[in-house]
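Each remark here refers to the structure printed beneath this line.
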Amino acid sequence: FFPRKLKWSKNNLTYRIVNYTRDLTRAEVDRAFKKAFKVWSEVTPLNFTRIRSGTADIMISFGTKEHGDFYPFDGPSGLLAHAFPPGPNYGGDAHFDDDETWSTDSRGYNLFLVAAHEFGHSLGLEHSRDSGALMFPIYTYTGNTGFLLPDDDVQGIQALYGAGDRDPNPEHPKTPEKCDENLSLDAITELRGEMMIFKDRFFWRLHPQMVDAELVLIKSFWPELPNKIDAAYENPMKDHVFIFRGRKFWALNGYDIVEGYPKKIYELGFPREMKTIDGAVHIKDTGKTLFFTGDKYWSYDEENQVMEKGYPKLIEEEFPGIGNRVDAVYQKNGYIYFFNGPLQFQYSIWSKRIVRVLKTNSMFWC
Amino acid sequence: LPIPHEDSDEFTTEDLQFAERYLKTHYNLRSNPAGIRKKNANSVAAKLREMQSFFGLEVTGILDEETYELMQQPRCGVPDVGEYN
């Protein structure tokens with residue numbers, strides 16, 4: 001919050017779009033702002049009405065450099081926008097830097113996302129230190145459809161105005177905590193020597209030379225990838241990371257999605273009726289990739305690009321003791337690490353047995 | 001420039017000016033009025049510490065690569081509420 005918890009003393013607020021950017025059509029700008037207000041009105045009793053003349057509570061404008069409020073913008077990138085906390089005159093007003101390239105997708109700065117953040121300030125929210133929150137001060141692209149206001153922002157705005165009675169999506173995403181006792185994971189892979197540990201909308205980057213894991217939104221690296229991925233593995237020979245979600249899978253080469261993807265998992269040789277893959281791990285020594293789905297696993301020959309004969313097999317038969325399902329899996333130094341809920345099992349490929357049971361969050365030295 | 005970095009070879013003068021501007025914009029760093037200097041006070045270091053703590057970086061009060069990298073990312077510049085009031 002701002003000092004003294006500044007807020008509006010009324011629930012019916014007006015806004016006016018004073019001018020437009022040339023990057024988008026007027027209709028696109030109108031839609032972006034309307035949608036951005038809706039983010040906040042859905043979780044509070046606040047109502048926003050657009051007016052086309054006179055002074056509104058929230059005056060919205062595009063400007064460059066010094067634009068009349070003594071808080072100049074700085075040209076392309078850097079500062080994108082700013083907004084004043086609730087109050088008279090400039091209070092609540094939101095200004096957007098027209099030296100930026102604004103877009104309705106991920107090609108420029110997404111106007112809807114920036115506007116939703118700025119209107120948070122207009123309503124009384126300061127910056128959050130939760131990197132998954134809308135009110136985190138650094139711009140991150142979070143996808144173009146189905147935006148869900150993160151829980152941290154909901155807690156903040158409802159502390160000021162209370163909850164509304166029309167929230168169509170009461171499930172607001174929380175930012176995962178790496179040291180959560182009950183932490184479970186979606187997928188794990190290596191990427192050029194780093195570990196990437198996927199959970200919900202995020203992944204943690206764990207570099208051997210970094211002391212702490214960095215939490216990053218999946219969309220900020222790969223805008224086209226879905227959230228909540230099922231499985232991932234690296235094929236270092238091809239310098240590709242493969243990402244699985246539902247029946248589709250993508251091949252990544254650094255920041256780029258390899259041409260021709262996404263593909264369907266049946267193209268790998270799985271039965272057409274198979275819906276998801278729970279975990280995948282590439283075994284460098286054999287050149288085989290193991291896919292885990294339900295209580296079974298498959299072996300894929302990367303060199304010949306065929307599923308091996310004799311599969312699927314029961315997980316329990318080959319890897320006794322790890323349970324009958326796998327959330328995520330990776331291989332390192334002759335061991336396969338299987339994750340199942342809050343536990344991980346360290347399995348020795350050489351001695352074919354579990355050598356250690358650890359907490360899932362021990363990945364992060366918790 | 002009052003950037004408290006003893007071994008600042010890695011940053012150019014422009015980098016240091018950029019960092020100071022960033023702290024002035026987002027952390028209300030005030031320029032020292034000419035001729036007046038507080039003893040034992042280094043407001044740049046204090047503001048850097050404030051910023052590093054907010055973003056969960058290692059809090060050193062010294063401009064390092066990680067802090068500088070974060071400063072370069074596109075962000076919101078909510079006007080300072082104290083000044084606004």
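Each chain gets a letter, A, B and so on, in the order the sequences are listed, and its residues count up from 1. These values consider heavy atoms only, across backbone and side chains, with no hydrogens, waters or symmetry-generated copies.
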* What residue in B:Gly56, B:Pro74, B:Ser53, B:Gly77 has the most heavy-atom pairs under 4.5 Å with chain A? ->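 Highest number of pairs under 4.5 Å: B:Pro74.
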To check you understand the geometry: which heavy-atom pair defines the closest contact between [X] and [Y], and what is its length?
| X | Y | value |
| --- | --- | --- |
| B:Val78 | A:Glu126 | CG1-OE1, 4.0 Å |
| A:Ala83 | B:Pro79 | O-CD, 2.9 Å |
| B:Val81 | A:Pro3 | CG1-CD, 3.1 Å |
| A:Ser128 | B:Phe54 | O-CZ, 3.0 Å |

Crowding at [atom1], [X] (>12 non-hydrogen neighbours, <6.0 Å):
| X | atom1 | result |
| --- | --- | --- |
| A:Lys35 | NZ | yes |
| A:Arg107 | CZ | no |
| A:Lys7 | NZ | yes |
| B:Gln73 | CD | yes |

* Straight-line distance of B:Tyr22 OH to A:Asp74 CG, nearest 0.5 Å ->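 So the gap between those two atoms works out to 11.5 Å.
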* **Separation between CG of A:Leu80 and CZ of B:Arg75, rounded to the nearest 0.5 Å** =>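 With rounding to 0.5 Å, CG (A:Leu80) is 10.0 Å from CZ (B:Arg75).
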* Given the rule in the side-chain contact (heavy atoms from CB on, under 4.5 Å) test, do A:Glu214 and B:Glu66 qualify, once you have shown the distances and angles that lead to the verdict? -> CA-CA 12 Å; A:Glu214 185 188 358; B:Glu66 211 180 345; over 6 Å; no
Pick one of side chain, backbone, both or neither for [X], based on which atoms fall under 4.5 Å of a heavy atom in chain B.
| X | result |
| --- | --- |
| A:Phe70 | neither |
| A:Phe136 | side chain |
| A:His127 | both |
| A:Glu100 | neither |

* Pick from A:Ala94, A:Gly78, A:Ser77: which one has the most heavy-atom pairs with chain B under 4.5 Å? ->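 Sorted descending by pairs with chain B, the first entry is A:Gly78.
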* Evaluate side-chain contact (heavy atoms from CB on, under 4.5 Å) for A:Asp212 paired with B:Glu58, printing each intermediate quantity in order. => CA-CA 10 Å; A:Asp212 210 356; B:Glu58 196 188 348; over 6 Å; no
* To do: Using a 4.5 Å cut-off on heavy atoms from C-beta on, say whether the side chain of B:Cys76 contacts that of A:His121.
  =>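 Of all side-chain heavy-atom pairs linking B:Cys76 with A:His121, at least one is under 4.5 Å.
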